[in-house]
There are 2 protein chains.
Amino acid sequence: MRKISDSTIRRLSVYLRFLEQAKSPTISSGELARLGGTTSAQVRKDLSFFGSFGKRGLGYSVPELTRRIRDILGLERGYRVVLVGAGRMGGALVQYHGFRQRGFHITAIYDQDSRKIGSRWNGLVVRDVKHLETDLKKDPSDIAIVATPAESAQHVVDRLVRSGVKAILNFAPVPLNVPPDVEVKTVNMALELETLSYSLANR
Amino acid sequence: MRKISDSTIRRLSVYLRFLEQAKSPTISSGELARLGGTTSAQVRKDLSFFGSFGKRGLGYSVPELTRRIRDILGLERGYRVVLVGAGRMGGALVQYHGFRQRGFHITAIYDQDSRKIGSRWNGLVVRDVKHLETDLKKDPSDIAIVATPAESAQHVVDRLVRSGVKAILNFAPVPLNVPPDVEVKTVNMALELETLSYSLANR
DNA sequence: CCCCCATTGTGAAATAGTTCACAATGCGGA
DNA sequence: TCCGCATTGTGAACTATTTCACAATGGGGG
Ligand SMILES: NC(=O)c1ccc[n+]([C@@H]2O[C@H](COP(=O)([O-])OP(=O)(O)OC[C@H]3O[C@@H](n4cnc5c(N)ncnc54)[C@H](O)[C@@H]3O)[C@@H](O)[C@H]2O)c1
Ligand SMILES: NC(=O)c1ccc[n+]([C@@H]2O[C@H](COP(=O)([O-])OP(=O)(O)OC[C@H]3O[C@@H](n4cnc5c(N)ncnc54)[C@H](O)[C@@H]3O)[C@@H](O)[C@H]2O)c1
């Protein structure tokens, strides 16, 4: 498969959200573009990397395109997700329904702090992080969310990688080192605020 | 000023974080690159858009480069930030110290829910969102964080824009329409998980 | 049955971003 | 003082992404 850019994948994800809300049976690239804040040529180009799903003169069948994009993104299967770090951010994430709706199921929560271990969070008992490796050996997980302080993030990630986790969503504001077969996405909110600061300073 | 790419600004922000932690008095582009996960040429190119801050043969003075980047990003001043939406995500954000450390001060919290209005959050009383416009007229704010459900986000943003807010950090998973002089950054975590899903599905 | 038209799919052109490669240069040591 | 060397700053080359523009075509109406 030829290399598809990250921006294309992100846009597919945006199109998918609108397709799931669409009420008409078909939709044109122009309409999808308007909703997703891009251009119709961009929509068609993005889709063209994966095949040709539309009908000329008509547009795209909403149910079919929905299915195709879900398939491209690998969303037809569900994912087991473990969360490490039962702090404030972890708490917000565990209770968030948007993830589950899209097929990402948080199946375990780990922390280091004895005051948190054993407490029940949204139906899950917070486990001691020392069980991370043995638990993952029993019940493997493809995806982990890291919501520990920055200092522990790399150490936690090393342990996750050794336990076979192949994709990590990281909330700690540090770049993480992982082997090339592991994918990391870091959500760095302070950095987003700083790009806003830059745009305020330069107008 | 010529157009600087978003990726350059984000990298500057990453370099800044390492400069603030550096212990040696100087640092080379190669070292910054290693820490920030990029290349030395990229570091030098990024900086060259704004001037020449290094010494050939030596590298960059850590305190000077720190100051320069803070200045470029507009971080020398502090920012007043209002938060709209006192839910789980809003709660995590209010308590987060990382923002304040970098000069972003949450000065007011708004919600619609009468059960939340009046409660004290980290020293701030949650206010009824109906006061948003009058409060902002009295105490303007450059930056707002939107952490309401997706359905209300556009409406809240319209009100913020009318009240003179010029930069918005949005956590609701919808693209927002704003006039061209207002900058919006959307943090879309479900979308990040979906890019991870794509990478798991395609290996 | 055939024409019209909206809209796709896609090479080619344009633009944006990254990497290369090397001359310029400041510093430390002889 | 002068040499050697590490490292910057930057055009130029390269690579990636977006936009353009138009031929191809499916469907609906006459
Ligand atoms: N709260 C926010 O709004 C926010 C915003 C941006 C970024 N972040 C980042 O998200 C991360 C978590 O933030 P938070 O506010 O939830 O912090 P927090 O201190 O509330 O929670 C961190 C949790 O991680 C646990 N922990 C520490 N070391 C651990 C380890 N080795 N293994 C397992 N658990 C461990 C702690 O016991 C704690 O419960 C931090 O890196 C922070 O910088 C948070
Ligand atoms: N919690 C998470 O981990 C998470 C993750 C990703 C995205 N998000 C997004 O962040 C946003 C907030 O999520 P949450 O989990 O905190 O939801 P939440 O329901 O806990 O909180 C939302 C808050 O917004 C308030 N609100 C609703 N309409 C309002 C209005 N018009 N003006 C002011 N306040 C209003 C509600 O009263 C509530 O207190 C949502 O858009 C959600 O999709 C949350």
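All chains are named by letter (A, B, ...) in the order of the sequence lines, taking the proteins before the strands, and each is independently numbered beginning at 1. From a predicted model like this one, the values you see are computed outputs, not experimental measurements. Computed over heavy atoms, backbone and side chain alike; hydrogens, waters and symmetry mates excluded.
The nearest whole Å value for the distance from the CG atom in B:Asp46 to the P atom in C:dT19 is 10 Å. Summarising the geometry, the separation between CD1 on B:Ile9 and P on C:dG17 is reported as 11 Å, rounded to the nearest angstrom. In this structure, B:Arg68 atom CZ and D:dG9 atom P are separated by 11 Å, rounded to whole Å. Atom CD1 in A:Ile4 sits about 12 Å away from atom C1' in D:dA16, given to the nearest Å. As a whole-Å value, the separation of A:Gln42 CD from C:dT8 P is 14 Å. Remark: P of D:dG9 and NZ of B:Lys55 are 10 Å apart, rounded to the nearest angstrom. Atoms CG (B:Leu32) and C1' (D:dG9) sit 15 Å apart, rounded to a whole Å. The CG-C1' distance, from B:Leu65 to D:dG9, rounds to 14 Å in whole Å.
Separation of atoms CD (A:Gln95) and CD1 (A:Ile106) is listed at 10.5 Å; rounding is to 0.5 Å. The line from CD1 of A:Ile27 to CZ of A:Arg34 is 8.5 Å long, rounded to the nearest 0.5 Å.
Using a 4.0 Å cut-off, no side-chain N or O of A:Tyr60 falls inside it from OP1 or OP2 of C:dA6. One finds a side-chain N or O of A:Ser29 lying less than 4.0 angstrom from the OP1 or OP2 phosphate oxygen of C:dT8. Between A:Thr39 and D:dT19 there is a side-chain N or O to OP1 or OP2 distance below 4.0 Å. Between A:Arg44 and C:dT8, a side-chain N or O to OP1/OP2 separation shorter than 4.0 Å is present.
With no hydrogens or angles considered, no side-chain donor-acceptor pair links B:Asn188 and B:Glu192 at under 3.5 Å.
Summary of the strand contacts: A:Leu58 and A:Thr8 both lie near DNA chain D, and taking for each the nucleotide with the nearest heavy atom, the more 5' one is attributed to A:Thr8. The 5' end of DNA chain D is approached more closely, in terms of each residue's nearest nucleotide, by B:Gly57 than by the other of A:Lys45 and B:Gly57.
In terms of heavy-atom proximity, B:Ala172 sits nearest to B:Ala150 at CB-CA, 3.9 Å.
Judged by distance alone with a 3.5 Å cut-off, no donor-acceptor contact links the side chain of A:Arg56 to the base of C:dT7.
Looking only at side-chain heavy atoms (C-beta outward), A:Ser13 and A:Leu73 come within less than 4.5 Å of each other.
Which of C:dT19, D:dG9, C:dG17 sits closest to the side chain of B:Ser52 comes down to D:dG9.
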